[in-house]
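So the structure is just underneath, and the comments pick up after that.
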Amino acid sequence: MVETAALEFVGREMRARIVETSSRAGIPHLGSCLSCVDILVALYFSVMRIDPQQPRAAGRDRFILSKGHGAPALFQVLAKRGFYPESRLESYGEDGGVFAEHPPTPDHLEGIEAATGSLGHGLPIGLGMALAARIQNRDYNVYAVLSDGECNEGSVWESAMLAAAQNAGNLCVLIDFNKWQATGRTLEVMSLDPLADKWRAFGWNAVEIDGHDMNAILDALNKFPAKNGKPTAIVAHTVKGKGVSFMEDDNNWHYRIPTTEEVVKAKQELGVQA
Amino acid sequence: MRNAFAEELTRLAAEDPRVILLSGDIGNKLFDRFKAVDEKRFYNCGVAEANMMGVAAGLALSGLRPFVYSITPFITTRCFEQIRVDACYHHAPVVIVGTGSGLSYAELGPTHHSLEDMAILRTLPGMRVLAPCDSTELRLALRAVLQCDGPTYIRIGKKGEPAIHANPPAFIIGEVIVVRPGNDVALLVAGNMMAETLKAAELLAVQGISAEVISVHTVKPLDDSYLQAAALRFRLIVTIEEHGVIGGLGSAVAEWRARTNVVVPQLLFGTRDEFMHEVGSQSYARAKYGLTADNIAGRVLATVGRA
């Protein structure tokens, strides 16, 4: 188990690189990327049973970024974890490359399990993978990160009902509950609250945590898979734009691209020279 | 055809541990024997087709071979984006089987008609579109598709369709089957219009017109080499399908003609650009849209006569 402080440092490093890449390549969704970084770091650097040298190993844990617009965060984490050289990210945003706004298909980038970007798709695909483990007598787990806005999609709840009916206990959903969707507050656009209770009502184990508290994230993930055989939903309260004071909880950063000066300021705040 | 589907898939499941069946809450008792082969390879995914398609893609990406089964509009138009992104974009070997296609469920009304399914699924990159003409072709198609990568859509009827093939023909995806050889006109059929078309060929024979009747069980990819030869051999190419004339076999052949600059006239039989608002049986609906042996033979005769 890697130390919490080390994970937190990786989180700051990832944030700096995400901000820098957004500025350099003109990639939006910065706020959405920064809110899920700690969850990704916990999964990739502590929890998941994965080997970057064998990205297609049959028994590997699966990760799906159902909120595909967080791909700029995932791309940095996969590189840092060793799925491909960090130097590959220098081509970010270039024509003909693979690094842009959403994950490509698994055939086009190591470490990717599903191409997402259209919301409400990742969880059903993840459920299929979770059921496949049972059919093929494998013991891997499937993790899917959803956005709170994504929970507007009916397919999320279709999937939630089937997962519970099938006792897909090896399926874990983490909701990056940053309280914003593209054009408004998630609690106002749709009636999202009480989110954890909704998952419970759909037959899941559900916990609420501070999605930026590394110990809390690890603690929740370590209680999965649950002994009662139900799938697990971790509702992670997060802050959009977390880690950079002038981006935090400001929904303009759903689409804004930081200037060079803003990148310098963000890095100073993060205390990272990435 | 749906009984043949259940039987053949059960057989395939016994032979191949990768075969999984997902059903959208239909087929009560139809799949009891499949479940007896291996209960954990059958999933009733409920009335939730979007999720079902995503689940199928997840299974396929894990090395399994899911067959997704429901009434055609619900397993095609309803969850089109899941087919596009989850199955096609990932080039996942998901097999979608739409039952009650075309006007099979005419009496249930337009919610249950499927006259656009081939049109929309044909547009998806890498998607095969199959329309077997009888249970024998369906069984062969199911077997053949297990050897293929990537997604496939198979549109089938309901039950009680006439058997066309007395013996199993050679079946290769993408290659037509000549059901009745002929010399003057080519009647290209997609799916369950085969029996009616064979009757039309009989009527034409009486008038001295020799019609070749062809099962175009694979609407995508089209059998280019057969069409190329047919364009030279026949005075007229006719497409017949229980599907709209926009986007189905007729359109596919018209696109082929435009693409290859082949000069051969084409007659299209299919449903018009409208919903059928009145109640009616399948035969009523077919008559309404000119999908009868009499009408096909009459129009072919008139066209060839004019030529």
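In what follows, chains are A, B, ... by sequence order, proteins preceding strands, each numbered from 1.
Heavy atoms of A:Leu162 lying under 4.5 Å from chain B belong exclusively to its side chain. Neither the backbone nor the side chain of B:Leu22 comes within contact range of chain A; no heavy atom of the residue lies under 4.5 Å from a heavy atom of that chain. Contacts of B:Asn44 with chain A are made by backbone atoms alone, with heavy-atom separations under 4.5 Å and no side-chain atom involved. In this structure, the portion of A:Gln166 lying under 4.5 Å from any heavy atom of chain B is its side chain and not its backbone. Looking at B:Glu49, only its backbone comes within 4.5 Å of chain A, counting heavy atoms on both sides.
Residue with the most contacts toward chain B among A:Ile64, A:Thr116, A:Leu123, A:Leu131: A:Leu131 (heavy-atom pairs, distance under 4.5 Å). Among the candidates B:Ile20, B:Val47, B:Val55, the residue making the largest number of heavy-atom pairs closer than 4.5 Å to chain A is B:Val55. In terms of heavy-atom pairs under 4.5 angstrom with chain B, the leader among A:Asp107, A:Thr105, A:Ile125 is A:Ile125. Ranked by heavy-atom pairs under 4.5 Å with chain B, the first of A:Gln136, A:Arg134, A:Arg138 is A:Gln136.
Side-chain contact between A:Leu174 and A:Phe63 is absent, with no heavy-atom pair separated by less than 4.5 Å.
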For a side chain to side chain contact (heavy atoms under 4.5 Å, CB included) check, start with the C-alpha distance between A:Ile50 and A:Arg81, then their side-chain angles and the critical distance, and finish with the verdict. CA-CA 10 Å; A:Ile50 48 172; A:Arg81 188 67 176 82; 3.9 Å; yes
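Between A:His102 and A:Phe75, the shortest heavy-atom contact is O-CZ, 3.7 Å. For the pair B:Ala252 and B:Arg122, the tightest heavy-atom approach, listed with the atom from each and the gap, is CB-NH1, 3.4 Å.
Taken to the nearest 0.5 Å, the CG atom of B:Leu61 stands 4.5 Å off from the CE atom of A:Met129.
Seen from the ring of A:Phe99, A:Arg88 does not count as a face-on cation partner, given the 6.0 Å and 45° thresholds.
The main-chain N or O of A:Ala114 is never found under 3.5 Å from a side-chain atom of B:His90 such that the two would form a donor-acceptor pair.
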